[in-house]
Novice: 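Here it is, the structure in full.
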2 protein chains.
Amino acid sequence: MGRKKSFQQSEILIIISDVFVKYGFEGTSLDDLVKATGLLRGSLYSAFGSKRGMFIDALSENIKQQKDSEITINLVIIAMMELAAKDNTIRQLLKQWYKESASSNVMELLGKAVLKRSGILEGGE
Amino acid sequence: MGRKKSFQQSEILIIISDVFVKYGFEGTSLDDLVKATGLLRGSLYSAFGSKRGMFIDALSENIKQQKDSEITINLVIIAMMELAAKDNTIRQLLKQWYKESASSNVMELLGKAVLKRSGILEGGE
DNA sequence: ATTATTTTTGAATGATTGTTCAAAAATAAT
DNA sequence: ATTATTTTTGAACAATCATTCAAAAATAAT
């Protein structure tokens, strides 16, 4: 009973993931998320509770569904750089990812992703 | 002539570097920098121009003076993750660091630092 | 139809953000 | 001493931030 949800949580999380990957956690504003998802603040908050909740759900979902995709790796690094030190819940998620990571050389995987994100390798200008 | 500076730019940059390493770029507020340095906003701005200027000077100075220290590596990763994509000046600094980096395996160096920063390896709890 | 329940809407809130700048203080030159 | 120059001071500013919540809308149950 009650009004029907106008969106599918899993589809919204894909959009949210892209935004966090693009701008980082601190660099992402709620306005960014509102614009990208097409939802209003209230809907996002009733679905995820907080900006942190949105990030945690995005990270969890990506870890669950595509352990070594570029998006997952980027979310993992953002979590490690910006959140893990002060957030135990996120630290636990990262431990799980680390344990289950298929890669044989995690360090190199992470380092390569950081370097790629910087854009210092391509196009001389 | 004129009033004497009450601080040494190079000493302030060491403090500023520590703050940026601790909180990241977006995660660092001017209040954080004011508290840590003991200087007031006006002094910081007349010395460095902007928050971005403070970061750039901190990064440059560290790259110049201790190419592979933990602080330098952390500043480099923060720059790569949060700033490089949209800031050409920072991208150039990072290219210089990359070219002159003494390490034989930069990817692994970066990845190891990210992993260490996350804190997921130590202390089980 | 009426009632109950859930979701959407979006304006409002208070806090925090980076930046500015006129006035005061300190020093050097005349 | 007076003038010129530089730095410090810190209040003020507009912009942006994450979050809240009462009202409206939509759906299901009675």
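Every chain is numbered from 1, with letters handed out A, B, ... down the list of sequences. Just so we're clear, the structure is a prediction, and the values are computed from it rather than from any experiment.
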Novice: Quick check: are there more than 12 heavy atoms from other residues, nucleotides or ligands sitting under 6.0 Å from CD of B:E70?
Specialist: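 Result for CD/B:E70: open.
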Novice: What are the 5'-most and 3'-most nucleotides of DNA chain C lying under 4.0 Å from any heavy atom of chain A?
Specialist: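 Contact boundaries, 5' end first: C:dT5 to C:dA11.
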Novice: How long is the span from the OG atom in B:S103 to the CD atom in B:E108, to the nearest 0.5 Å?
Specialist: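 Answer for the OG-CD pair, B:S103 versus B:E108, is 8.5 Å.
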Novice: Are any of the side-chain nitrogens in B:R41 or B:D31 under 4.0 Å away from the carboxylate oxygens of its partner?
Specialist: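 The answer is yes: the pair qualifies as a salt bridge.
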Novice: Whole angstroms only, please: what is the CG-P distance between B:L44 and D:dG10?
Specialist: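 Those two atoms, CG and P, are 14 Å apart.
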Novice: Taking CG from A:D32 and P from D:dC17, how many angstroms apart are they, rounded to a whole number?
Specialist: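 Distance check: A:D32 CG to D:dC17 P gives 7 Å.
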Novice: Hey, can you tell me if B:F25 and B:F20 have their rings parallel, tilted or perpendicular (30° and 60° cut-offs)?
Specialist: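 Taking B:F20 first and then B:F25, their aromatic rings lie parallel (interplane angle under 30°).
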Novice: Does any nucleotide pair with C:dA12 by Watson-Crick or G-U wobble geometry, both distances under 3.5 Å, and what is it?
Specialist: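 Pairing partner, where one exists within any strand: D:dT19.
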Novice: Quick one: A:L33 CG to D:dT19 C1', roughly how many Å, whole number?
Specialist: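 Spelled out: CG on A:L33 to C1' on D:dT19 is 13 Å.
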Novice: Taking a pair as Watson-Crick or G-U wobble with both distances under 3.5 Å, which nucleotide is matched to D:dA4?
Specialist: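 Paired with C:dT27.
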Novice: Quick one: on DNA chain C, does A:G42 or A:K4 contact a more 5' nucleotide (nearest heavy atom)?
Specialist: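 Whichever sits nearer the 5' end wins; that is A:K4.
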Novice: With heavy atoms under 4.0 Å as the rule, sort B:F7 into base, sugar-phosphate or nothing.
Specialist: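 Sugar-phosphate contact only - B:F7 comes under 4.0 Å of backbone atoms but never of a base.
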Novice: Calculate the interatomic distance between A:F25 atom CZ and D:dC17 atom C1'; express it in whole Å.
Specialist: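 In whole Å, D:dC17 C1' lies 12 Å from A:F25 CZ.
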Novice: Report which part of the nucleic acid B:S29 touches: base, sugar-phosphate, or nothing (heavy-atom distance under 4.0 Å, all strands).
Specialist: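 It contacts sugar-phosphate atoms only.
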Novice: For residues B:L39 and B:V34, determine if any side-chain heavy atom of one lies less than 4.5 Å from a side-chain heavy atom of the other.
Specialist: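 With C-beta onward as the side chain, the pair stays apart.
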Novice: Using purine N1 to pyrimidine N3 plus N6-O4 or O6-N4 for Watson-Crick, or N1-O2 and O6-N3 for G-U wobble, both under 3.5 Å, which nucleotide pairs with D:dG10?
Specialist: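 Pairing partner: C:dC21.
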Novice: Measuring only between side-chain heavy atoms, which start at C-beta, is A:M80 closer than 4.5 Å to A:L110?
Specialist: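 SC-SC contact between A:M80 and A:L110 confirmed.
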Novice: What integer distance in Å separates A:L40:CG from D:dT20:P?
Specialist: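 Rounding to the nearest Å, CG of A:L40 and P of D:dT20 are 17 Å apart.
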Novice: Please figure out whether A:G2 or B:G49 has its closest DNA chain C nucleotide nearer the 5' end.
Specialist: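 Result: A:G2.
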Novice: Would one find more than 12 heavy atoms of other residues, nucleotides or ligands at under 6.0 Å from atom CD of A:Q9?
Specialist: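 Atom CD in A:Q9 is crowded, with more than 12 foreign heavy atoms closer than 6.0 Å.
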